[in-house]
Amino acid sequence: MLLVALTGNIASGKSSVAKMFVARGATLIDADVLARLAVRVGTPGYDAIVKRWGEAVLSADGVLDRGVLRRIVFEQPEELRALNSIVHPEVERMRARLLGEARARGDRVVVCDIPLLFEANLAGGFDRIVLVDAPRSIRLERLVRDRGLRETEAMAMIAQQMPADLKRARADFVVDNDGTREALEQRVDEVWRALAAEADALAQRNSLTLAPPDG
């Protein structure tokens, strides 16, 4: 099994690339999905968040108001660290379980979508790293246009993440998402062919290692 980390700064288009990898045969484990599961009503994560920040972070139906919580933590680094200390351990536990299930099934390529891969020092646990990137100005425009954020709020979110140039230097593959959908599909195809070839070579090596000796 080839274990691939997919990352990219906010509004880079990482989720679109993740869907393209799934369409080509990858198994996807999405950290954002796991993070939402980790703070569902009734979970220890939910209880810990309400205990720290109070009912002001809840919507009328009692679920977490992610917008309110986001505004609190992104403006105060110590609060962001506190939130991460609640959510990240549970996300890691769920990811480890899903990876074990994928390995047991014999999945060929598993892509873990992890927005804060480098910030959380998780890069060392993967065979390959794919970074999705777009210029800062384009990402800012997407946040304001597509997510309805205020420009100041969007700029604060961008500033919280490691600069893309530092991430590009550590990635095995970079998918630039600053053009058309067709151009993005083409670049994903190129990366997927390389990952699939490596996964096949890895599977072949493993089969030779596990094969019984002749005679």
Side-chain angles (χ1 to χ4, degrees), residues 1 3-15 17-18 21-22 26-59 62-103 107 110-133 139 143 147 149 153-154 156-164 166-168 170-172:
M1 183 178 82
L3 186 55
V4 178
L6 175 65
T7 193
N9 282 350
I10 191 166
S12 61
K14 179 175 49 58
S15 296
V17 172
F21 279 142
V22 170
T27 298
L28 178 65
I29 300 176
D30 190 331
D32 283 341
V33 172
L34 299 184
R36 286 192 289 271
L37 292 174
V39 296
R40 288 176 299 176
V41 176
T43 62
Y46 173 93
D47 294 339
I49 288 172
V50 175
K51 181 178 180 181
R52 182 177 179 91
W53 289 287
E55 295 187 359
V57 299
L58 300 181
S59 60
V63 302
L64 287 178
D65 187 323
R66 296 168 65 86
V68 171
L69 186 59
R70 182 178 64 239
R71 285 191 289 275
I72 291 172
V73 302
F74 274 102
E75 293 174 359
Q76 302 180 66
E78 70 278 7
E79 299 301 307
L80 179 59
R81 286 192 292 269
L83 178 62
N84 287 341
S85 72
I86 293 170
V87 177
H88 284 180
E90 180 62 12
V91 169
E92 286 302 301
R93 186 192 68 78
M94 289 188 284
R95 182 185 294 120
R97 175 176 57 80
L98 292 173
L99 284 174
E101 293 172 0
R103 188 169 285 108
D107 290 1
V110 176
V111 173
C112 292
D113 184 340
I114 307 177
L116 300 179
L117 177 77
F118 295 110
E119 290 87 345
N121 296 315
L122 298 174
F126 295 87
D127 300 314
R128 290 290 177 263
I129 297 172
V130 178
L131 173 72
V132 185
D133 195 20
R139 293 189 287 114
L143 286 172
R147 305 193 192 184
L149 300 180
E153 185 180 12
M157 295 177 71
I158 289 174
Q160 285 288 337
Q161 296 184 314
M162 181 187 296
L166 298 179
K167 297 183 178 185
R168 291 176 78 98
R170 298 178 63 184
D172 297 295

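Everything numeric here is computed off the predicted structure, so don't read it as measured data. We count residues from 1, following the sequence as given.
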Task: Distance (rounded to the nearest 0.5 Å) between His88 NE2 and Leu83 CG - done: 7.5 Å

Task: Side-chain heavy-atom pair Arg66, Arg36 within 4.5 angstrom cut-off - done: yes

Open item on the list: Counting C-beta onward and ignoring hydrogens, is there a side-chain heavy-atom pair between Ile72 and Val68 closer than 4.5 Å?
Closed with: yes

- [ ] Work out which heavy atom in Asn9 is nearest to a heavy atom in Pro163; give both atom names and the distance.
- [x] ND2-C, 4.2 Å

- [ ] Provide the full list of side-chain hydrogen bond (donor to acceptor under 3.5 Å, both in side chains) pairs with a residue in residues 40-58, sequence neighbours left out, each pair given once.
- [x] Arg52-Glu79, Trp53-Glu79

TODO: Measure the CD1-CG distance between Ile158 and Leu143 for me, rounded to the nearest 0.5 Å.
DONE: 5.0 Å

Open item on the list: Once rounded to the nearest 0.5 Å, what's the spacing between atom CD1 of Ile29 and atom CG of Leu6?
Closed with: 12.5 Å

Task: Interatomic distance, Gln161 atom CD to Leu166 atom CG [nearest 0.5 angstrom] - done: 12.5 Å

- [ ] Report yes if the side chains of Arg70 and Leu149 come closer than 4.5 Å at any heavy-atom pair, otherwise no.
- [x] yes

Open item on the list: Could you tell me if the side chain of Arg81 sits less than 4.5 Å from the side chain of Glu78, heavy atoms only?
Closed with: yes

Open item on the list: Show the nearest heavy-atom pair for residues Asp127 and Met1, with the distance to one decimal.
Closed with: OD2-O, 3.8 Å

Open item on the list: Do Val4 and Phe21 have side chains that approach each other closer than 4.5 Å (heavy atoms only, starting at C-beta)?
Closed with: no

Open item on the list: With a 4.5 Å cut-off on side-chain heavy atoms, are Ile10 and Pro115 touching?
Closed with: no

Open item on the list: Measuring from atom CD1 of Ile49 to atom CG of Leu64, what distance do you get when rounded to the nearest 0.5 angstrom?
Closed with: 5.0 Å

Task: Heavy-atom donor-acceptor pair, Asp113 side chain to Ala31 backbone, under 3.5 Å - done: no

Open item on the list: On a heavy-atom basis, which atom in Arg128 and which in Asp172 lie closest, and how many Å separate them?
Closed with: CA-OD2, 3.2 Å

- [ ] Indicate the atoms forming the closest heavy-atom contact of Ala123 with Arg170, along with that distance.
- [x] CB-NH2, 3.9 Å

TODO: With the side chain counted from C-beta on, respond yes when Asp133 and Lys167 share a heavy-atom pair under 4.5 Å apart, and no when they do not.
DONE: no

TODO: Check side-chain contact (heavy atoms from CB on, under 4.5 Å) between Thr7 and all other residues, then give those that pass, not counting sequence neighbours.
DONE: Leu117, Phe118, Ile129, Leu131

Open item on the list: I need the minimum non-hydrogen distance between Leu34 and Leu98, along with the two atoms involved.
Closed with: CD2-CD1, 3.9 Å

TODO: Mind running side-chain contact (heavy atoms from CB on, under 4.5 Å) on Cys112 and Leu99 for me, showing each step along the way?
DONE: CA-CA 9 Å; Cys112 292; Leu99 284 174; 4.0 Å; yes

Task: Point-to-point distance, once rounded to the nearest 0.5 Å, from CG of Leu28 to OG of Ser15 - done: 9.0 Å

